[in-house]
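Reviewing the structure listed below.
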Number of protein chains: 2
Amino acid sequence: MNDNLSERSRQILEAVIDDYIRTAEPVGSRTVTRRHGLALSPATVRNVMSDLEEMGFLSSPHTSAGRVPTDKAFRFYVDSLLHVPAITENQQEEIRRQYQVPGRDVGEILKETSKILSSISNYIGIVVAPRFAANVFRQIEFVKLFGRRILVILVSESGIVQNRVIEAEEDLSTEDLVRMTNYLNELLHGLTIAEVKARIVREMQDEKVRYDKLLSRALKLSEVTLEESAADVFIEGQVNILEQPEFADVERMKEIFHTFEEKSQLINLLDCCMKADRVNIFIGAENFLSRMNQMSVITASYASGPNTLGVLGVIGPTRMGYDRVIPIVDYTARMLSELLGRE
Amino acid sequence: MNDNLSERSRQILEAVIDDYIRTAEPVGSRTVTRRHGLALSPATVRNVMSDLEEMGFLSSPHTSAGRVPTDKAFRFYVDSLLHVPAITENQQEEIRRQYQVPGRDVGEILKETSKILSSISNYIGIVVAPRFAANVFRQIEFVKLFGRRILVILVSESGIVQNRVIEAEEDLSTEDLVRMTNYLNELLHGLTIAEVKARIVREMQDEKVRYDKLLSRALKLSEVTLEESAADVFIEGQVNILEQPEFADVERMKEIFHTFEEKSQLINLLDCCMKADRVNIFIGAENFLSRMNQMSVITASYASGPNTLGVLGVIGPTRMGYDRVIPIVDYTARMLSELLGRE
DNA sequence: GGTTAGCACTCGATGCATTTGAGTGCTAAC
DNA sequence: GTTAGCACTCAAATGCATCGAGTGCTAACC
């Protein structure tokens, strides 16, 4: 396929995309000449648009309805035409201001983050909570509850807390628990969670430990707690999508909200971006969630020091204002990293 | 207002309500005679229905469209006509089965609960997380993070964990933290959180403590952590509402989803039920959330022993199957109490 | 007097033909 | 290569007649 576009073709394509982003309506040849001071007649533009359609950048819903940019066009736009500006002072200010609620736990910060993303972008904000595995172990605690129930609390360097209530097989005294705590904290100090897991397995085979019931029980309990639970995800601003004219149809709405109830799929999608460059963009059908074929996702990962913790992003219609949203996502990710990081 | 309904009026009202619950369409006089073996002609039924309209139990959308039960009718239905059956074996089984996912923290159990409520009722499930204040103090822990950040973890009897990251005013050594922990755990043992708060205030005025910087700092930290944060709420199954024909309209949908983004209002609403009888029902406009005027809420509170912890419920259209949903809500609340309780 | 059959009337929903207008594609002239 | 001109297309809007479920009223019936 020959995608070498002439300068003029690019201009016209950009004009169509710009217009479509603004109006969500198919764009006709006249509109292009009128709104973008091109010294060309509609007829000429039509010819060019016809070529662009041939090449797969445009498509027409029906014969007499103007043309709409395809996913391919948006991809080209994002890769080649788009000039992403730096984030404005105002937006920075706005984001900082919204973070200015003091004294909260990590979960609240993440929820707040997705609210910020949604309210500033006017689309949907999404934040996938840190994968515990990416973290550095800090401390483990056992708290005795009623009966044989034990609450195991696991804390990472960045202050992320994971806890589970576990039914122990036999009664454990408070002293037992203290001993277990000390043993484990010593053993696991400074390891990443991934290393912790390996270490536990190794330690369980150690002669000395195998004969100390308490220790091996401690290992078992911590192993259970470490089981990766389904990652939490915070989604805010779903109503914003209802304001988009292209979704003002009951059937499509159902589709979309179904997608958002199936959070695991979304998590999978975002997880792919954990290792990618700073900002990642999926356009329309590129993100293999068939139900999201009219939507784009802009993601960025956040980190604490060298450890990538998780991913956040904005979900909007394919025709979203990429130039406006990309800096927002990027900056918010950096802010969140700062908040969770070591400073 | 004279609401003494004759037996026949009641039968007809019930027939209209039943039919409306099934179809979501205005009910005409013929339908009433046809589907409910009443030995009456449509004309007679019309007369009665006219009376019922007069009394405010029915209303007609327009002249030739049959009649629709009003909120008042549903209130009467729930209070006087409805015979709530016991929960079926199958449903019990289903609920138990869905709870059968082991080893999770309280948050996950609550989320699961709202999923259960939604999937079994086919409406929206909602669970308000336990108000920490209603709980009995179990343990406090301080974990040193990077720099001056300290993670404070508060655990209640029922295994509910509340945590906050706090920026301390000066460096605290690990030993300091251990001393603080021991002091507080001793001081606060066995009190309810409400009592804990009072105790902290009192203790801060104690001569001995005022001169021990470490102790007073410990009290301050715990005080900050105890600040009631916005209650968490878990809402699941919002898509279910999209299936209801009476909401198959873009404008109304927007309304509804707006309501669900404003979680604080929902929490307020449910909080009112904390102290009420087992099952509580709000019909339509009765729940002062103007945006929810076409919806009903069925709630029940859950507890751990004598302490009411929180509220859960199902939100559906006013015409929901009350007889089906009430036992589900009731039973789920009991199950959850059991899970969180002391057994 | 309550009940019912009969009938005129109402009003949204449905279907169909017509019009409108934005937009295209093609051709011929510039 | 560009453009004016024109026939053509097609969704959307408009107008209009029809349909039918349902009502309210009246007069007859038991």
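If you're wondering where the values come from, they're calculated on a predicted model, not measured in any experiment.
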Expected output check: what is the dot-bracket annotation of DNA chain C, where ( ) and [ ] are pairs inside the strand (brackets for crossing ones), | is paired with another strand, and pairs are Watson-Crick or G-U under 3.5 Å?
||||||||||||||||||||||||||||||
Nearest 0.5 Å, please: how far is [atom2] in [Y] from [atom1] in [X]?
X      : Y      : atom1 : atom2 : value
A:N122 : A:M320 : CG    : CE    : 12.5 Å
A:L58  : A:L52  : CG    : CG    : 5.0 Å
A:I315 : A:N240 : CD1   : CG    : 12.0 Å
A:F57  : A:D51  : CZ    : CG    : 11.5 Å
A:I328 : A:Q91  : CD1   : CD    : 4.5 Å
A:I241 : A:F247 : CD1   : CZ    : 5.0 Å

Only pairs under 3.5 Å count here: list side-chain donor-acceptor contacts from residues 20-28 of chain B, not counting sequence neighbours, and write none if there are none.
residue, atom, partner, partner atom, Å
B:T23, OG1, B:D19, O, 2.9
B:T23, OG1, B:E25, N, 3.2

Classify the ring geometry between A:F257 and B:F257 as parallel (under 30°), tilted (30 to 60°) or perpendicular (over 60°).
parallel
So the contacted stretch of DNA chain C, first to last nucleotide with an atom under 4.0 Å from a non-hydrogen atom of chain A, runs from C:dA22 to C:dG25
Using a strict heavy-atom distance below 4.0 Å, which residues from residues 15-33 of chain B are in contact with DNA chain D?
B:G28, B:S29, B:T31
State plainly whether the residues B:E255 and B:R252 are in salt-bridge range, i.e. N to O under 4.0 Å.
no
Under 4.0 Å protein heavy-atom contact, by nucleotide of nucleotides 9-15 of chain D - B base, S sugar-phosphate only
BBS----
Want to settle it: does B:A43 or B:A65 sit nearer the 5' end of DNA chain D, counting the closest nucleotide to each?
B:A65
Does atom CZ of B:R324 have more than 12 heavy-atom neighbours, drawn from other residues, nucleotides or ligands, at distances under 6.0 Å?
yes
Hey, are A:R319 and A:Q244 close enough side-chain-wise for a donor-acceptor pair under 3.5 Å?
yes
So, applying side-chain contact (heavy atoms from CB on, under 4.5 Å) with B:Q265, which one of B:K263, B:E261, B:E262 is it?
B:E262
Apply side chain to side chain donor-acceptor pair (under 3.5 Å) to A:S50 and list each qualifying residue two or more places apart in sequence or on a separate chain.
none
Separation of D:dG22 C1' from B:N47 CG (nearest whole Å)
14 Å
